[in-house]
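Each remark here refers to the structure printed beneath this line.
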Number of protein chains: 2
Amino acid sequence: MLKQQVERQNTPSMEDYLKAIAMLRNENKVARVSQISQKLKVKMPSVTSALKKLSDKKLVLHQKYGYIELTTRGDKVAKDIIHRHEALNRFFTEILDIEKETAEADACKIEHVISQLSLERVTKFIEFIEACPPGETKFSKKYKYYLEHGEYPE
Amino acid sequence: MLKQQVERQNTPSMEDYLKAIAMLRNENKVARVSQISQKLKVKMPSVTSALKKLSDKKLVLHQKYGYIELTTRGDKVAKDIIHRHEALNRFFTEILDIEKETAEADACKIEHVISQLSLERVTKFIEFIEACPPGETKFSKKYKYYLEHGEYPE
DNA sequence: AGCATTTGTTAGTTATGTCTAACAATGTTA
DNA sequence: TAACATTGTTAGACATAACTAACAAATGCT
């Protein structure tokens, strides 16, 4: 799988910028400084300086007043983060039954720090729970019952 | 429960120091600068300056060249972090079957960023899995089978 | 007691990553 | 096209949290 190559010389902040750029590109076709600024809730000069850093690291293409694009490498990193985010988000909402906003917020933090291995296991765990065979009541259903009543369903 | 009072005006770094002090106190009776330094893998001047900050915030008691103690407030914060750590660690090792070192490392990161709500749900989830009624094979066993064989046990 | 070692502190540097204020380029529109 | 608004950049400040080098206190040993 070789995901190691993609990992952890990037700070959480850098990862957030890459993720934002990738998401804006999908939504709007182009990423602009103002939009990244809005999405990440930082001021524009922070974006400019982050872009400089990411350019130096060959993760984005950007020249003064110009459009912003991810390099192939940047895109790989962004996709990896988005993937981590989605796995965690699913785990929190679908398995732990956590409300959307909290799940989002937690995924946004944890995606930057969780190890590849744990993420893979989380993914497998979701698969496992969803793959529950027809005869049995889904674990998630049982868990939700347990959450409400404090004991196993009959 | 009022755990909110205890949360998130403390940086990850501060939380690490408080945790280390609490743990050393339990192991050794006294926390010393050199030991905190070793445990957190930072140099001693970093510890000194962190202690100054924590003193200002009334989380530790410390005077020059003297012993280091947690205040009541500091102790509460430390206990909360240790509790988060333990819950996450159990989840990773017992539920996801992740190896000790990775589980530890991930818990150490995630304990600083996970929300109270998600942590509570993780705890409940562990309870739920362990509380599996006598008749049924434990979920964790089934999951481990699934991990190895890629499909549900018969 | 006196010297050496260990432990702790101070001062000052560095790296991130944010911010504000001021300026510059771009775009819009009358 | 000139004026204005929006967008982006630069310069410089600030906070956090680490570091090294140099010094000071405490401890241990003979």
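The sequence lines fix the lettering, A, B, ..., with proteins before strands; numbering per chain opens at 1. Please read all numbers here as calculations on a predicted model, not as lab measurements. Heavy-atom basis, side chains included; hydrogens, waters and symmetry copies ignored.
- Whole-Å rounding puts the B:Leu40 CG to D:dC19 C1' distance at 15 Å.
- For the pair B:Met44 CE and D:dA24 P, the interatomic distance rounds to 16 Å; values are reported in whole Å.
- The distance between atom CG of A:Asn10 and atom P of C:dT16, rounded to the nearest whole Å, is 13 Å.
- The separation between B:Glu15 atom CD and D:dT16 atom P is 15 Å, rounded to whole Å.
- For B:His112 and D:dT16, the NE2 to C1' distance is 15 Å, given to the nearest whole Å.
- Separating the CD atom of B:Gln38 from the P atom of C:dG8 is a distance of 10 Å, rounded to the nearest angstrom.
- DNA chain C lies under 4.0 Å from no heavy atom of any residue of residues 16-26 of chain B.
- If you check every strand for non-hydrogen atoms under 4.0 Å, A:Thr11 touches sugar and phosphate atoms only.
- In the hydrophobic clustering of ILVMFWY residues, with side-chain heavy atoms under 4.5 Å counting as a link, B:Met23 and B:Ile36 come out apart.
- One atom, CE of A:Met14, and another, P of C:dA15, lie 16 Å apart when rounded to the nearest Å.
- Linking ILVMFWY side-chain heavy atoms closer than 4.5 Å, directly or via other members, places B:Ile82 and B:Val113 in two distinct hydrophobic clusters.
- At D:dT9, none of the side-chain N or O atoms of A:Lys52 fall inside 4.0 Å of OP1 or OP2 (strictly under the cut-off).
- For B:Lys39, the salt bridge (charged side-chain N to carboxylate O under 4.0 Å, His left out) test picks out B:Glu27, with sequence neighbours left out.
- You'll find that the side chain of B:Lys43 is closest to D:dC19, out of C:dT18, C:dG8, D:dC19.
- Residue order along DNA chain C, read from the 5' end via each residue's closest nucleotide, puts B:Ala31 first among B:Ala31 and A:Pro45.
- Contact check on A:Lys52 versus A:Asp56 returns no salt bridge, with no Lys/Arg side-chain nitrogen under 4.0 Å from an Asp/Glu carboxylate oxygen.
- Between the C1' atom of C:dG17 and the CG atom of A:Leu51 lies a distance of 14 Å, rounded to the nearest Å.
- The phosphate of D:dG8 has OP1 or OP2 within less than 4.0 Å of a side-chain N or O from A:Ser34.
- Within residues 53-71 of chain B, the residues having any heavy atom closer than 4.0 Å to DNA chain C are, in order of number, B:His62, B:Lys64, B:Tyr65.
- Aromatic ring pairs are classed by plane angle as parallel below 30°, tilted from 30° to 60° and perpendicular above 60°; the pair A:Phe125 and B:Phe125 is perpendicular.
- Residue B:Thr48 is classed as a base contact, given a heavy-atom separation below 4.0 Å to a base.
- Between B:Asp75 and B:Arg25, at least one side-chain N (NZ, or NE/NH1/NH2) sits under 4.0 Å from a carboxylate O, which counts as a salt bridge.
- With 3.5 Å as the limit, one finds a donor-acceptor pair spanning the side chains of A:Glu104 and A:His85.
- The phosphate of D:dA18 (OP1 or OP2) has no side-chain N or O of B:Ser49 nearer than 4.0 angstrom.
- Residues B:Val30 and B:Ile68 have side chains not in contact (no heavy-atom distance under 4.5 Å, counting atoms from C-beta outward).
- A donor-acceptor pair is defined here as one N or O able to donate and one able to accept, closer than 3.5 Å; such a pair exists between the side chain of B:Arg73 and the backbone of B:Lys57.
- Residue-level contact check: A:Ser46 touches the bases, meaning some heavy atom is under 4.0 Å from a base atom.
- Salt-bridge check for A:Lys76 with A:Asp80: failed, with every basic side-chain N at 4.0 Å or more from each acidic carboxylate O.
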